[in-house]
Amino acid sequence: MNFTFVTLFPNLIYPYFEDSILSRAKENKAIRINYINPRDFSLDKHKKTDDYKAGGGAGLLMSAQPLSDALKTVGKEAYFIFPAPAGKSFLQNDAKRLSKKEHIVFVCGRYEGIDERVIETYADEVFSVGDFVLTGGELASLCMCDAISRMVDGVLGNEKSLLEESFEDSLLEAPSFTKPNEYENLTIPSDFLKGNHAIISGLKNRMAYAKTCFHRPDLYKIVKNKRHYYEK
Ligand code: SAM
């Protein structure tokens, strides 16, 4: 899977792929990371990439010319994602779906955003990572790239763990515990220690259900109609 980050600040992104799981994924060539800097395409003698908003208004916008010329250099098979507060919410199912693409291009906005004509011309999808405003699209793109990468074959050591993760079947993952069995007078639920996998699985299921109900009533509404969660 190829990822290209179109960004004025590649150094903000680069270190994320230098450690841990995604660094290994890069070494194993399960993912490839490329960068394009729109500044390299600016026709302005000072390599300017921004300008004032037409019609006035606070702040600067990324101009169409450098960004558009940068995007023209990307192969036609690529899938263009624009992070933006105005986009639809990026969800786990999007990560799963997009992990089947061959080449994803994240176009990172800066300043007050991007000239809308570039978005209209190139965007396959526009995603928001939450109802808040970041200074640029780099963090949002990294969030999406990370979530997509974990779904790519060969990236996670144990791909079975994906099956029990939060948002599978709209359910949050059950609380988990590790050694020691007692820590500062708090104990692990005793059923976890008895080695009966059917009982543990039933308990985890009920805890996942309760956790979803507590933390995410919106998901709980969806999941409570799926009767098999009661039956396990
Ligand atoms: N003026 C824009 C608005 O009010 O919608 C905000 C622009 S923001 C300061 C600059 C860039 O950060 C955006 O072009 C986008 O790439 C990125 N960004 C900011 N918040 C984001 C969010 N919640 N989700 C995804 N991208 C975001």
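Order of listing sets the numbers, starting from 1, for every ligand and every atom in it.
For the pair A140 and ligand 1, the shortest N or O to N or O distance does not fall below 3.5 Å. Checked against a 3.5 angstrom limit, the closest N/O atoms of F132 and ligand 1 fall inside it. Ligand 1 has a nitrogen or oxygen under 3.5 angstrom from a nitrogen or oxygen of G109. Checked by distance only, ligand 1 and P83 come closer than 3.5 Å through their nitrogen or oxygen atoms. Not a single N or O atom of R110, backbone or side chain, sits closer than 3.5 Å to an N or O atom of ligand 1. Between C108 and ligand 1, not a single N/O pair is under 3.5 Å apart.
Counting non-hydrogen atoms of other residues, nucleotides and ligands closer than 6.0 Å to CZ of R117 gives a total of 12 or fewer. Counted within 6.0 Å of CZ on F132, heavy atoms from surrounding residues, nucleotides or ligands total more than 12; the atom is thus considered enclosed.
The protein heavy atom nearest to atom 24 (N) of ligand 1 is V129 N, 3.1 Å. Protein heavy atom nearest atom 12 (O) of ligand 1, with residue, atom name and distance: G136 C, 3.1 Å. Of the protein's non-hydrogen atoms, L134 O, 3.3 Å is the one closest to atom 8 (S) of ligand 1. The protein heavy-atom contact nearest to atom 26 (N) of ligand 1 is A84 N, 3.2 Å.
Ligand 1 lies out of reach of I114, whose nearest heavy atom is not under 4.0 Å from it. Under the 4.0 angstrom criterion for non-hydrogen atoms, Y111 is in contact with ligand 1. Not a single heavy atom of A86 sits closer than 4.0 Å to an atom of ligand 1.
Counting heavy atoms closer than 4.0 Å to ligand 1, residue D131 contributes nothing at all. For F82, no heavy-atom contact with ligand 1 is shorter than 4.0 Å.
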Handout entry: Check against side-chain contact (heavy atoms from CB on, under 4.5 Å), Y111 and L8
Key = CA-CA 11 Å; Y111 318 117; L8 292 167; 3.6 Å; yes
Handout entry: Audit row: L134, V129, side-chain contact (heavy atoms from CB on, under 4.5 Å) steps and yes/no
Key = CA-CA 10 Å; L134 298 163; V129 294; 4.1 Å; yes
Practice task
Show your reasoning for whether side-chain contact (heavy atoms from CB on, under 4.5 Å) applies to Y52 and L60.
Solution key: CA-CA 5 Å; Y52 296 104; L60 298 160; 3.5 Å; yes
Practice task
Check the pair F167 / L91 against side-chain contact (heavy atoms from CB on, under 4.5 Å), numbers first and verdict last.
Solution key: CA-CA 9 Å; F167 307 113; L91 303 176; over 6 Å; no
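Taking every heavy atom of V133 and a limit of under 4.0 angstrom, the matching atoms of ligand 1 come to 6 (C), 8 (S), 9 (C), 20 (N). Each of the atoms 25 (C) of ligand 1 lies under 4.0 Å from some heavy atom of F127. Interface atoms of ligand 1 facing G113, defined by a heavy-atom separation under 4.0 Å, are 7 (C), 14 (O).
The two residues D169 and V223 have their closest heavy-atom pair at O-CG2, 3.5 Å. Scanning all heavy atoms of the two residues, the minimum distance from P38 to L67 falls at CG-CD1, 3.9 Å.
E173 has no carboxylate O lying under 4.0 Å from a charged side-chain N of K211, or vice versa, which leaves the two without a salt bridge.
The residue from S141, P85, S128, A58 that puts a heavy atom closest to atom 21 (C) of ligand 1 is P85.
A cation-pi arrangement, defined by a distance under 6.0 Å to the six-membered ring centre and an angle within 45 degrees of its axis, is present between K101 and Y79.
Using a 30° and 60° split on the angle between ring planes, F3 and F106 fall in the parallel class, below 30°.
Grouping the Ile, Leu, Val, Met, Phe, Trp and Tyr side chains by contacts below 4.5 angstrom, directly or via other members, places Y122 apart from L61.
Distance check on atom 1 (N) of ligand 1: some protein heavy atom falls below the 4.0 Å cut-off.
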